[in-house]
Peer 1: 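I am attaching a structure below and will ask some questions about it afterwards.
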Amino acid sequence: MKRRILSMVLLAAMCAALLAGCGQKSATWKVTCPWAPSGVAAMVSQQAATKSTSYSDTITLVAEAIKGDAATVNTWVADTKANDTELVFVGEGLLSITSILDPAKMQFGYEDFVFVENLYSSIFVLSADAKLNIGSVADLEAYVQQGTEISVAVNGATGSEAFLAASLFGAMGAGDKLKLTPYQSAAEAAQAVARGETQFAVSHQSQILETYQQKGVTIVCAFDEGNIENGPFAGVEGVGQHGYPYFRNRCFVMARAGTDEKKVAELKELYGKILADAEVVEWLQDTMLLEVDTMSVADVEAHVENVKSIVNEYKDIVAG
C-alpha cells in the first residue's frame, strides 16, 4: 500500500513538472536592425543572438539586418502589434535627429515602443591628419583660434557624427568656418582624413584604429564626459571635462508598445545575461571597441533629450 501511495505521489509530481514546462513555451524573437546591414549594430546583434540559447530555454533571438532606417521602422510599427515576437533597434538618430530635422519622414514616435535594453555604447572620437600635429583639446583650441577653414569627414550629412562635429567646433566659436564632408559609410568617412581629403574625421574608435596604428592620424579627443578607459585609445581625453557638449552613440532594443510587461522583463533579463557574459564583454571591448552600458527607461529618455538639445542648438550649422 505504501509503495502504491509513493508511486502515486511521484506520478503526480512528474505531471506537475510537465504541466509547468508546458506553460513555458519557447519563442523566437526576430530582432531587426534597420540600418547598415554590415555595420556595428548588426554585428553586435548577431553576437547576442548566438549567445541567446546559452541563457534561455524559452527565448531565442534571431538577428535580421536590413537597410532602410526610418522607412523600415515605419513599416515595422505599421505591421507589428503588441506581443508580437518582434524587436527593433531605434537610436538617437531617429528619435533625436530625424524627429527634429525631418519629422515628416517618421510615421512613428517614442510612444510606439517599449524599451527593452541598450545593446551597447560607442564613444566617438575626433581624429586629425597627422601632419597637423593635433593631439589634445588644447591643441585643437589653438588650431581653431587661427581662424582657418575646418573640414570634417562624417557619416552622412545629418548623422550623429555631423552633430558631434558641429557641436564641438560650434562651441569653440568656429561654426562659420566649419565644412562637413559627408560620406556614404562610417568606415569611408573615417579613412577620408588619412587620404588628405579632410583635416578631421568623427568616427567610431574601431573604424579609425588601423589608420591610427599606421600613424596616418592622431586622435584628438573623445565625445564623452571623461577619458576613454579601455582599449588602444585609453587615456584620450573626453570633451565633457572641458565643458563641450557630447553624447554617446547608443542602440536601443525596442518591443512594440503594449507588449506584456512580463515578456519585456524576461527579454531585458536575457539581454542583461548576454551583456554580462565574459566572452561578450571581451569581444565588445577588444574587437569592437564598444562598451556594455545597460540602461533604464529614465536613462534612455535623458539621452534622447540631451541629443535633442544639441540638435536644436547646432542644426543651423549642420542643415544650413
Peer 1: Over all heavy atoms of both residues, which pair between Ser185 and Glu188 is shortest? Give the atoms and the distance, please.
Peer 2: OG-N, 3.1 Å
Peer 1: Could I get the full list of side-chain hydrogen bond (donor to acceptor under 3.5 Å, both in side chains) partners for Ser121, not counting sequence neighbours?
Peer 2: Arg250, Asp293
Peer 1: May I ask you to check whether Tyr246 and Phe124 place their ring centers less than 6.0 Å from one another?
Peer 2: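 They do not qualify: ring centres at least 6.0 Å apart.
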Peer 1: Check whether any side-chain heavy atom of Met295 sits under 4.5 Å from a side-chain heavy atom of Phe115, and report yes or no.
Peer 2: yes
Peer 1: Could you walk me through whether Glu92 and Lys308 pass the salt bridge (Lys or Arg N to Asp or Glu O under 4.0 Å) test, one step at a time?
Peer 2: CA-CA 8 Å; Glu92 69 275 346; Lys308 279 185 175 181; over 6 Å; no
Peer 1: State whether a side-chain donor-acceptor pair under 3.5 Å links Asn227 with Gln241.
Peer 2: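 Yes.
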Peer 1: Could you give me the CA-CA distance, side-chain angles and deciding distance for Thr58 and Glu266, then say whether side-chain hydrogen bond (donor to acceptor under 3.5 Å, both in side chains) is met?
Peer 2: CA-CA 10 Å; Thr58 58; Glu266 190 177 359; 2.8 Å; yes
Peer 1: Between Ser296 and Asp299, is the side-chain hydrogen bond (donor to acceptor under 3.5 Å, both in side chains) condition met? List the steps.
Peer 2: CA-CA 5 Å; Ser296 66; Asp299 293 333; 3.1 Å; yes
Peer 1: Please determine if Asp260 and Lys263 form a salt bridge, counting it only when a charged side-chain N lies under 4.0 Å from a carboxylate O.
Peer 2: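 No, this pair does not count.
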Peer 1: Is the distance between the ring centroids of Tyr212 and Phe233 under 6.0 Å?
Peer 2: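 When the ring centroids of Phe233 and Tyr212 are compared, they turn out to be within the sub-6.0 Å range.
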Peer 1: Ring pair (Phe, Tyr, Trp, His ring centres under 6.0 Å) with Tyr110: which residues, sequence neighbours excluded?
Peer 2: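 Here no residue qualifies.
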Peer 1: Are Ile150 and Ile134 co-members of a hydrophobic cluster defined by side-chain heavy atoms under 4.5 Å apart?
Peer 2: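 Same cluster: Ile134 reaches Ile150 through Ile, Leu, Val, Met, Phe, Trp or Tyr contacts under 4.5 Å.
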Peer 1: Are Lys268 and Val253 packed together at the side-chain level, in the sense that at least one heavy-atom pair is separated by less than 4.5 angstrom?
Peer 2: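 Counting from C-beta outward, Lys268 and Val253 never come under 4.5 Å.
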Peer 1: On the 0 to 90° scale, with breaks at 30° and 60°, tag the Phe89-Trp35 ring pair as parallel, tilted or perpendicular.
Peer 2: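 Phe89 vs Trp35 ring planes: tilted.
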Peer 1: side-chain contact (heavy atoms from CB on, under 4.5 Å) between Val217 and Phe200: does it pass, once the steps are laid out?
Peer 2: CA-CA 9 Å; Val217 298; Phe200 302 93; over 6 Å; no
Peer 1: Please walk me through it: do Tyr244 and Glu141 pass side-chain hydrogen bond (donor to acceptor under 3.5 Å, both in side chains)?
Peer 2: CA-CA 12 Å; Tyr244 295 113; Glu141 290 172 334; 2.6 Å; yes
Peer 1: Is there side-chain contact between Ile66 and Thr32, with heavy atoms separated by less than 4.5 Å?
Peer 2: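 Sidechains of Thr32 and Ile66: in contact.
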Peer 1: For Thr80, check side-chain hydrogen bond (donor to acceptor under 3.5 Å, both in side chains) against everything at least two apart and list the hits.
Peer 2: none
Peer 1: When the ring centroid of Phe163 is compared with that of Phe247, is the distance short of 6.0 Å?
Peer 2: no
Peer 1: Going hydrophobic residue to hydrophobic residue with side-chain gaps under 4.5 angstrom, can you get from Ile123 over to Trp283?
Peer 2: no
Peer 1: Passes side-chain contact (heavy atoms from CB on, under 4.5 Å), Arg248 versus Ser122? Steps please.
Peer 2: CA-CA 6 Å; Arg248 291 185 176 193; Ser122 174; over 6 Å; no
Peer 1: Report the C-alpha separation of Asn133 and Thr218 in whole Å, then their side-chain angles, then the decisive distance to 0.1 Å, and conclude whether the side-chain contact (heavy atoms from CB on, under 4.5 Å) test is met.
Peer 2: CA-CA 7 Å; Asn133 197 31; Thr218 57; 5.5 Å; no
Peer 1: Does Glu229 have more than 12 heavy atoms from other residues, nucleotides or ligands lying within 6.0 Å of its CD?
Peer 2: no
Peer 1: One pair to check against side-chain contact (heavy atoms from CB on, under 4.5 Å): Tyr271 and Leu61. What are the steps and the verdict?
Peer 2: CA-CA 10 Å; Tyr271 270 105; Leu61 302 176; 3.7 Å; yes
Peer 1: Apply side-chain hydrogen bond (donor to acceptor under 3.5 Å, both in side chains) to the pair Glu161 and His204, showing each step before the final yes or no.
Peer 2: CA-CA 9 Å; Glu161 295 94 329; His204 292 283; 4.7 Å; no
